[in-house]
Protein chains: 4
Amino acid sequence: MHGPRSDTRARIVAVALELFSEHGYERTSLREIADRLGVTKAALYYHFKTKEDIVQGIVAATAAPIHELIAWGREQTWTPEVRDELIRRFAAGMSERALLLRFFQENQPALRDLPAGQEFRDSMIALVRLMHGPGASFEDRLRAAMSLFTINSALFLLQQDSRPGADPAAGGVPVAEATREEAIVAAQHVALEICRLIGRPAPTD
Amino acid sequence: MHGPRSDTRARIVAVALELFSEHGYERTSLREIADRLGVTKAALYYHFKTKEDIVQGIVAATAAPIHELIAWGREQTWTPEVRDELIRRFAAGMSERALLLRFFQENQPALRDLPAGQEFRDSMIALVRLMHGPGASFEDRLRAAMSLFTINSALFLLQQDSRPGADPAAGGVPVAEATREEAIVAAQHVALEICRLIGRPAPTD
Amino acid sequence: MHGPRSDTRARIVAVALELFSEHGYERTSLREIADRLGVTKAALYYHFKTKEDIVQGIVAATAAPIHELIAWGREQTWTPEVRDELIRRFAAGMSERALLLRFFQENQPALRDLPAGQEFRDSMIALVRLMHGPGASFEDRLRAAMSLFTINSALFLLQQDSRPGADPAAGGVPVAEATREEAIVAAQHVALEICRLIGRPAPTD
Amino acid sequence: MHGPRSDTRARIVAVALELFSEHGYERTSLREIADRLGVTKAALYYHFKTKEDIVQGIVAATAAPIHELIAWGREQTWTPEVRDELIRRFAAGMSERALLLRFFQENQPALRDLPAGQEFRDSMIALVRLMHGPGASFEDRLRAAMSLFTINSALFLLQQDSRPGADPAAGGVPVAEATREEAIVAAQHVALEICRLIGRPAPTD
DNA sequence: GATGAATGAGAATTCATTCAT
DNA sequence: GATGAATGAATTCTCATTCAT
């Protein structure tokens with residue numbers, strides 16, 4: 001082992017993720033990334049072959065926990081407890097992965113054709129399958145998916161609530177302001193609730 | 001009445017929505033839109049001041065039902081039945097609005113600064129508020145949001161399942177293939193289930 | 001006679017001159033002219049074949065007094081008194097022609113190839129010749145030209161003096177603020193002074 | 001010393017000034033500049049952020065002598081001799097600055113809003129103030145301005161005289177053809193004459 | 001006398017990418 | 001490990017102009 005491949009490489013990945021998730025992949029130019037790092041565009045090309053390659057780098061640097069989670073899930077025999085544990089573990093790393101999740105959710109068009117994008121979507125699908133177990137109906141697949149998405153959505157909702165421009169009169173009701181920590185706890189609660197609907201008969205509408 | 005302002009204008013909106021939702025806002029050039037319509041780029045500029053203005057046109061042409069739904073919701077006094085009815089009505093138009101919803105979900109970075117984007121987000125937030133009623137906790141807001149998102153996500157999930165490249169071995173289990181109609185029914189089921197969690201105490205994890 | 005060819009035509013000329021002299025020929029689009037008149041671009045094309053044609057229209061509507069002045073000058077036998085009278089008459093109409101003069105001075109690149117531009121320059125040259133009379137040296141031609149330009153420049157200078165952004169410390173001295181009327185009087189004074197230098201031997205530098 | 005920042009940068013400035021002063025700022029496209037240099041448009045953007053920025057570059061590369069002249073003038077106590085010396089020094093560099101002066105005189109609309117344009121006008125105003133000294137009347141300011149303009153105008157007049165299209169019959173008199181050198185000498189003569197009018201009582205018209 | 005709709009040509013600008021040093 | 005200089009391809013947008021009605 002010879003330590004990190006290079007400090008700069010890691011810094012590029014970090015800054016790129018930050019800018020991609022904040023302003024979007026297409027709206028972030030390599031110049032912006034280079035500027036923020038205090039290097040030139042050409043330097044980026046020393047570390048990455050293309051802009052798309054930086055995305056690959058981001059995934060490589062961040063996706064390990066999810067792969068581990070999937071690997072773990074595949075070793076287990078499906079039970080409701082395993083299912084709940086999947087959600088808990090998925091929620092556990094959420095805070096660190098928040099940028100990544102946002103990046104993937106909000107940049108689908110750019111990511112659709114990228115290997116990194118495919119890979120990420122496959123991971124999500126794999127997680128969904130692990131959650132609902134074998135032989136599930138479409139309805140159960142949807143429940144499982146929504147349970148996972150809950151984790152992703154909580155921080156998004158939190159952000160909306162604290163958005164300055166938000167129309168306070170909208171809906172006519174005041175809403176509870178939550179902290180980031182409360183949001184994470186709530187996300188896990190709700191996600192568990194939802195995944196426990198799996199296998200239940202649907203309500204009669 | 002003087003009929004449609006112009007056929008071309010409406011056709012631009014339709015084609016733009018189609019391309020924007022399929023390939024993304026940034027990846028769709030005005031040339032592509034014009035080509036598909038059999039007109040020149042300059043013709044687009046006769047009808048819309050800027051590319052962003054086309055988005056505004058899309059919203060103006062599509063958002064009416066949602067505004068009506070919000071207006072209806074504001075006239076009602078909140079009850080669980082009203083809440084369920086909101087979901088049903090929201091789900092009702094889903095098929096026609098599928099492109100619009102996808103467009104908004106997958107192009108946040110481009111839409112964030114656009115008036116049309118703000119407006120759409122405000123609409124969603126307003127719906128969330130109408131769903132959970134006054135004095136809701138963050139948890140209940142999250143439940144309401146997830147209930148709405150379920151409608152948006154069902155078609156997304158359906159699409160994944162039928163995606164050619166999908167790794168069949170992923171998760172090790174076969175999944176039920178659903179038709180578009182079944183997906184819509186399932187979406188409403190699950191959305192109702194989730195919104196009925198509103199007000200319940202959270203599970204002990 | 002059937003009166004003015006059309007009211008709109010005259011209004012186009014007036015508005016165009018105003019905008020051309022304020023923002024420049026190239027920076028003024030036909031849309032701006034049309035908008036300010038409350039008509040469409042296409043309407044302009046009913047009255048004028050091209051944008052350049054509007055310039056021709058401006059000249060046709062404004063240049064008569066200068067042509068008359070030239071005609072008058074050609075009828076006279078040159079004397080210092082005739083020369084002075086040329087300046088006086090040229091200065092007399094200055095206020096009304098201010099926009100036109102400014103337009104021609106500040107838009108040379110656009111006007112260079114236009115017939116209207118040629119014509120205007122020829123008029124100026126003709127006036128210069130009338131001022132210095134036959135057999136003049138280059139120096140005398142320059143004196144005559146500067147005498148004429150003085151009229152053009154006075155309003156320009158006045159405008160600079162009253163410009164808000166003008167650096168008051170520049171040059172370290174306060175300057176006398178003049179009114180428009182004073183400027184016109186001064187212009188004629190100085191122009192006469194200068195044209196009276198014609199025929200004098202040059203100073204030994 | 002690290003030599004010229006880049007040869008290309010300087011060549012861009014030179015070619016741009018040439019084309020801007022010959023065909024006008026608006027009528028000169030970046031493609032023309034690039035073509036004449038044998039580079040691509042994008043290369044221009046490597047060296048200058050915008051087209052307007054090239055103008056800034058032109059000024060930066062050419063305005064030093066004028067600034068020095070102003071600085072020198074500010075150090076002197078005003079006397080008629082200082083005033084005359086200002087004109088002489090201004091005239092001295094005229095030949096090299098001819099393009100620049102023409103560019104500024106004939107492209108006012110484009111330059112009006114540019115910092116470079118403001119700066120240039122301020123320089124001219126500053127020179128005028130230095131020429132007439134403290135406590136001048138508007139008339140004296142006008143004399144000072146005309147004296148400076150004489151330098152600018154001489155080459156313009158020369159060019160008119162040698163213009164092929166010039167109507168030889170105009171004014172009915174033949175004119176003395178001058179060489180470029182004679183024009184410069186004449187310009188300084190006449191400019192001095194005019195500036196010596198400063199402080200004189202006006203003629204009775 | 002005028003409009004609505006459209007075009008063709010071209011402009012400025014941006015960006016990912018390359019490569020010699 | 002990195003830079004300076006440059007490119008090629010595209011993009012959004014503007015404008016004078018046309019023409020059927």
Side-chain angles (χ1 to χ4, degrees), chain A residues 5-9 11-12 25-34 37-54, chain B residues 2 5-9 12 25-34 37-54, chain C residues 5-9 12 25-34 37-54, chain D residues 2 5-9 11-12 25-34 37-54:
Chain A
R5 272 238 240 143
S6 117
D7 183 39
T8 303
R9 204 189 136 92
R11 287 171 61 224
I12 292 173
Y25 176 77
E26 323 260 10
R27 294 173 107 81
T28 303
S29 74
L30 294 186
R31 192 171 58 64
E32 287 174 90
I33 298 176
L37 284 168
V39 299
T40 61
K41 268 186 298 174
L44 305 186
Y45 279 88
Y46 179 80
H47 295 282
F48 297 93
K49 259 171 61 103
T50 67
K51 190 185 184 187
E52 303 191 342
D53 219 48
I54 297 182
Chain B
H2 53 64
R5 260 237 244 151
S6 122
D7 185 36
T8 304
R9 205 191 134 94
I12 292 171
Y25 176 79
E26 323 259 12
R27 295 174 104 81
T28 304
S29 75
L30 295 184
R31 188 176 56 66
E32 288 174 90
I33 298 176
L37 284 168
V39 299
T40 62
K41 274 178 294 168
L44 305 187
Y45 280 92
Y46 176 76
H47 294 282
F48 298 94
K49 263 167 56 117
T50 64
K51 190 183 181 187
E52 302 193 343
D53 218 50
I54 298 182
Chain C
R5 273 241 237 141
S6 120
D7 182 38
T8 302
R9 204 189 135 92
I12 292 172
Y25 175 78
E26 321 260 12
R27 295 173 106 81
T28 303
S29 74
L30 294 185
R31 191 169 60 63
E32 286 173 89
I33 297 176
L37 285 167
V39 298
T40 61
K41 266 185 299 173
L44 304 186
Y45 279 89
Y46 179 81
H47 295 281
F48 297 93
K49 259 170 60 101
T50 66
K51 189 184 183 186
E52 303 191 342
D53 219 48
I54 296 182
Chain D
H2 52 65
R5 260 238 245 151
S6 122
D7 185 35
T8 304
R9 205 190 135 93
R11 286 172 61 225
I12 292 172
Y25 176 78
E26 323 257 11
R27 294 174 106 82
T28 304
S29 74
L30 295 185
R31 189 176 56 67
E32 288 174 89
I33 298 176
L37 284 168
V39 297
T40 61
K41 273 180 294 169
L44 305 186
Y45 280 92
Y46 177 77
H47 294 282
F48 298 92
K49 262 168 57 120
T50 65
K51 190 183 183 187
E52 302 191 344
D53 218 49
I54 297 182

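Just so we're on the same page: letters track the sequence lines, and every chain starts at 1.
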Minimal non-hydrogen separation, K51(A) against Y25(A), with atom names: NZ-O, 2.8 Å

To the nearest 0.5 Å, how far apart are CG in L44(B) and OG1 in T8(B)? 10.0 Å

Please state how far atom CZ in F48(D) lies from atom C1' in dT14(E), giving the value in whole angstrom units. 18 Å

Atom CD of E32(D) and atom C1' of dG10(E) are separated, to the nearest Å, by 11 Å

note: D7(A), atom CG; dA2(F), atom C1'; distance rounded to Å ~ 14 Å

Mind checking the NZ-OG spacing from K41(C) to S29(C)? Nearest 0.5 Å is all I need. 8.0 Å

Counting side-chain heavy atoms from C-beta on, which of dT7(E), dA5(E), dG1(F) comes nearest to Y46(B)? dA5(E)

Roughly how many Å apart are dG1(E) and dT21(F), using the C1' atom of each and rounding to a whole number? 13 Å

To the nearest angstrom, the CD1-P distance between I12(B) and dT7(E) comes to 10 Å

Secondary structure of DNA chain F per the Watson-Crick/G-U criterion (both distances under 3.5 Å; [ ] crossing, | other strand, . unpaired) is .||||||||||||||||||||

With E26(C), which residues qualify under side chain to side chain donor-acceptor pair (under 3.5 Å), at least two apart? R27(D)

Would you name the heavy atoms of Y45(D) and T50(D) that are closest together and state the gap between them? CE2-CA, 4.2 Å

Reading nucleotides 16-21 of chain F from 5' to 3' and marking B where a protein heavy atom lies under 4.0 Å of the base, S where only the sugar-phosphate is that close, and - otherwise, the string is BBBB--

Kindly write out the residues that satisfy side chain to side chain contact (heavy atoms under 4.5 Å, CB included) with F48(C), not counting sequence neighbours, or none if the list is empty. R9(C), I12(C), V13(C), D53(C), I54(C)

Are any of H47(C)'s side-chain N or O atoms less than 4.0 Å away from OP1 or OP2 of dA2(E)? yes

Compare all side-chain heavy atoms of I33(B) with those of T28(B) and state whether any distance is below 4.5 angstrom. yes

Counting just side-chain N and O atoms, does T8(B) come under 4.0 Å of either OP1 or OP2 of dA5(E)? no

By salt bridge (charged side-chain N to carboxylate O under 4.0 Å, His left out) - contacts of R11(A) (at least two apart): none

Rounded to the nearest Å, what distance is computed from the CZ atom of residue R27(A) to the C1' atom of nucleotide dA16(E)? 17 Å

